Each structure stands twice: as structure tokens, then as C-alpha cells.
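Comments concern the structure below.
No experiment lies behind these values; they were computed from the predicted model shown.
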Amino acid sequence: MSVPTRPIVLAHAAYRLGDAYRARGAPEPFVEVHDLPGLEAAVADAEVLVVSGLWRDTLLERAPRLRFIQSVSAGTDQFPKGALRERGIRLASAQGGNERAVAEHALALMLGLTRRLPEALRNQAAATWRPMIADPARRERELGGQTLLVIGLGRIGTRIARLAQAFDMRVIGLRRRPLQAGDPVEAVFSPDRLHDALGQADVVALACPLTPETEGMIDEAALAAMKPGALLINVARGRVVDQDALARALAEGRIAGAGLDCFREEPLPPEAPFWRMETVIVTPHSAGETSHYEGRVIDLLLENLGRLRRGEELVNPVA
């Protein structure tokens with residue numbers, strides 16, 4: 001791929017990708033858009049597109065010159081990979097750009113639930129000093145000594161596991177590849193042993209990609225396999241979880257709580273039950289969102305453009 005002869009299109013509803021691109025010298029002309037109409041207008045001349053949530057498959061018919069897409073997100077399930085290959089359009093993910101942020105967010109959700117921070121915030125708003133609790137079973141929990149199951153031991157899952165070890169948690173994982181030297185887990189379960197692994201866990205952290213195999217993985221049967229006092233943390237994709245089954249399990253007290261950063265439908269509709277559940281922490285798919293993120297995406301873009309010009313393999317190639 002040669003140097004782009006037309007402006008690179010940077011497309012995101014909120015992120016300031018243009019500022020990050022300018023901070024790195026803006027080596028090529030660019031156009032920044034923040035909504036779908038703007039993207040539909042700009043993509044007609046685009047050879048290079050940086051996008052994630054604003055992507056629509058209909059854009060392909062509007063972009064005859066498109067040759068490369070740098071995803072803003074680590075997940076790329078929104079892109080039609082077969083159609084991109086047919087048109088000779090390369091696609092790379094932003095995998096690794098937010099692994100630190102997402103792993104820290106997963107630990108924050110665990111700590112928020114075990115230390116009962118939502119209850120503390122409600123009490124603070126009501127100026128209520130909670131009395132001491134006589135029943136030990138109703139008090140805050142400690143992470144140390146509990147078992148964490150990490151589903152998906154990629155970059156994010158591996159970092160979650162390492163952080164959990166710092167809290168003296170026992171960590172096990174689920175993935176296709178068996179245990180290897182250097183893995184930050186005590187044991188690795190294969191996907192066909194999901195229910196066995198769930199039965200051991202006090203906390204389950206989802207850090208897997210959305211694939212046909214993982215879609216709906218945490219269903220009614222999987223939730224029934226979890227311990228009654230277990231917590232579910234989802235920093236993966238909403239459709240990995242059967243949300244209706246999860247809402248029932250939480251309402252009936254079959255699991256103790258959930259920290260949810262992603263959902264089947266986003267934004268999460270106001271009528272969704274999770275908003276009103278005292279044992280749930282809802283965050284707006286913000287686990288990977290920090291002040292450093294735009295810069296990391298632009299660094300990946302620039303590296304991949306250089307590799308394309310030199311005929312080298314992309315960083316995080318997808319299609």
C-alpha cells in the first residue's frame with residue numbers, strides 16, 4: 001500500500017483521535033468526524049479509516065477506494081470480515097491498547113462488589129452511618145484466598161490474572177490451549193469443562209472475545225453451575241452472557257452479584273433490571289476508556305501504515 005493520497009478518516013462519536021494524531025505530527029492529511037452522517041460523507045474518498053462503533057456495513061458501498069481499516073477497539077465483531085477480504089480491505093484491531101485499563105476496571109468491579117461500595121455510596125447520599133454487622137456472612141468480603149476464574153486468557157485476561165494474584169487470590173483460567181510455563185494461573189480448563197471451572201470459582205471474570213463459541217456462553221446452565229455466593233464480572237462483550245438468565249439468577253439470589261461493563265444492547269435501556277439491582281454495578285462500556293487511549297490507537301495506526309508500505313505483517317491483523 002502506498003502513502004495515502006486522500007485524507008485519513010478518523011471516526012469516533014466521542015474520542016479525540018484528531019488531537020492524538022496532531023500530537024504525533026499529523027504525517028498525513030486527515031478528516032475527523034463524530035457521527036454517522038459525517039462518516040458517510042467522508043468515507044467516499046477514504047483509503048484509510050479509523051473507526052469502531054460508528055461502523056455500518058452499508059459504508060462499504062460508499063467507500064470504493066477504502067484499503068485499510070484500523071479498528072479503534074480491540075473487538076472487531078462489528079466488521080464483515082468476509083466482505084472486507086473480497087474487496088481487498090485490510091483490517092487490524094486495537095488489541096493491547098487497553099489491556100491495562102480493562103484489567104484494572106475488572107479489579108475495580110471486584111473490589112466494589114466485595115467491599116460493598118455501592119451500598120456505601122447510597123449511605124453517603126443519605127448521610128447514614130451504617131452500624132456494625134453482627135452476622136459475619138453479611139459483612140464485606142476479602143479477595144485474598146478466593147478463587148478467580150478468568151474466561152479468556154489473552155492479553156486482558158492474563159493481566160487480570162496477574163493483578164488478582166497480587167491480592168492473594170487463587171486464579172484458574174479457561175481457554176483452548178493447556179497450561180504453559182509462565183501462565184499466571186494455577187490450572188487451565190478447556191471450554192468443554194466450563195461448568196467444572198465455574199463450580200470452583202468465587203469470582204468469574206469474562207475477558208474473552210465474542211465468537212460463535214462464546215456467544216451466550218454464560219447461559220442458564222452456566223449460571224446454575226456457579227456457587228450461590230459467586231460474583232460475575234463482564235469486561236468482554238455483552239452477548240457472551242444471556243442477560244435474561246443473569247437477571248433471574250441475581251433476582252433470585254442464585255449468585256451474589258455482578259459487575260457489568262458491556263451489554264447486549266448499548267446504551268443499556270432504562271427499563272433494564274440491572275439499573276435497579278443493589279447487587280449490580282453497571283458501567284457504560286468504559287473499561288478501556290482512559291486519557292491514554294487515543295494515543296495508543298494512533299500509535300497502532302501509524303505503525304500499521306508503515307508496515308503496509310513496507311509490505312510487512314500488520315500489528316493485530318484480522319482480515
Side-chain angles (χ1 to χ4, degrees), residues 98-152 156-173 184-186 197-207 218 223 226-236 238 241 243 246-247 249-263 268 272-290:
N98 62 3
E99 66 184 75
R100 182 190 301 271
V102 176
E104 290 178 2
H105 196 87
L107 264 292
L109 292 173
M110 292 182 211
L111 288 166
L113 290 167
T114 55
R115 302 308 301 173
R116 296 169 59 165
L117 294 185
E119 178 186 343
L121 289 171
R122 290 192 296 271
N123 287 340
Q124 179 178 344
T128 297
W129 186 274
R130 192 206 74 188
M132 293 183 181
I133 297 174
D135 181 1
R138 295 181 55 241
R139 296 177 194 159
E140 288 83 353
R141 292 161 54 177
E142 299 177 12
L143 291 180
Q146 295 196 55
T147 296
L148 169 66
L149 168 64
V150 181
I151 296 180
I156 291 171
T158 296
R159 189 165 187 86
I160 291 171
R162 294 193 189 284
L163 292 176
Q165 286 181 329
F167 284 87
D168 297 322
M169 298 186 80
R170 171 182 177 251
V171 186
I172 58 177
V185 295
E186 178 181 303
L198 289 170
Q200 294 193 29
D202 300 294
V203 183
V204 177
L206 303 177
I218 305 301
L223 291 162
M226 292 173 63
K227 293 181 178 181
L231 303 173
L232 179 69
I233 307 296
N234 190 3
V235 291
V241 178
Q243 288 186 186
L246 175 60
L250 289 162
E252 296 167 8
R254 288 187 278 120
I255 65 171
L260 307 174
D261 185 58
C262 41
F263 302 89
L268 184 64
F274 302 118
W275 289 115
R276 294 171 291 281
M277 290 182 165
E278 294 187 354
T279 58
V280 174
I281 298 177
V282 169
T283 55
H285 208 141
S286 58
E289 196 171 276
T290 74

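- Nearest heavy-atom pair, R276 versus A272, reported as atom, atom and distance to 0.1 Å: NH2-O, 3.1 Å.
- Of all heavy-atom pairs spanning G229 and A256, the tightest one is O-CB, 3.4 Å.
- Between the CE atom of M169 and the OG1 atom of T147 there is a distance of 7.5 Å, given to the nearest 0.5 Å.
- Contact of the L107 side chain with the I160 side chain is registered, since non-hydrogen atoms from C-beta on lie closer than 4.5 Å.
- F274 contributes atom CZ, which lies 14.0 Å from atom CD1 of I281 (distance to the nearest 0.5 angstrom).
- In the displayed structure, E140 atom CD is contacted under 6.0 Å by more than 12 heavy atoms of other residues, nucleotides or ligands.
- Side-chain atoms of L109 and N234, non-hydrogen and from C-beta on, never get closer than 4.5 Å to each other.
- Taking both residues in full, the closest heavy atoms of A201 and K227 are given as O-CD, 3.4 Å, listed atom of the first, atom of the second, then distance.
- R100 CZ: 12 or fewer foreign heavy atoms inside a 6.0 Å radius.
- Within a 6.0 Å sphere centred on CD of Q124, heavy atoms belonging to other residues, nucleotides or ligands number 12 at most.
- Remark: side-chain polar atoms of D261 are paired, donor with acceptor, to backbone N or O of S286 under 3.5 angstrom.
- The shortest heavy-atom contact between T290 and A101 is CG2-CB, 3.4 Å.
- Here the side chains of Q200 and R170 are in contact, with some heavy-atom distance below 4.5 Å.
- Taken to the nearest 0.5 Å, the CG atom of L250 stands 7.5 Å off from the CG atom of L260.
- Within a 6.0 Å sphere centred on CD of E278, heavy atoms belonging to other residues, nucleotides or ligands number 12 at most.
- Annotation: side chain of V235 is not in contact with side chain of C262 (no heavy-atom distance under 4.5 Å).
- Counting all heavy atoms, side chain and backbone alike, L149 lies closest to G173 at CD1-C, 3.8 Å.
- Between I151 and I218, some side-chain heavy-atom pair lies under the 4.5 Å cut-off.
- Here the straight-line distance linking atom CG of L117 with atom CZ of R122 works out to 10.5 Å at 0.5 Å rounding.
- Rounding to the nearest 0.5 Å places CD1 of I233 at 9.0 Å from CG of L148.
- R115 places a side-chain N or O within donor-acceptor distance of the main-chain N or O of R141, the cut-off being under 3.5 Å.
- For the atom pair CD (E104) and CZ (R159), the distance works out to 6.5 Å, reported to the nearest 0.5 Å.
- Taking each heavy atom of I156 and A207 in turn, the nearest pair found is CG2-CB, 4.1 Å.
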One pair to check against side chain to side chain contact (heavy atoms under 4.5 Å, CB included): V185 and V171. What are the steps and the verdict?
CA-CA 5 Å; V185 295; V171 186; 3.7 Å; yes

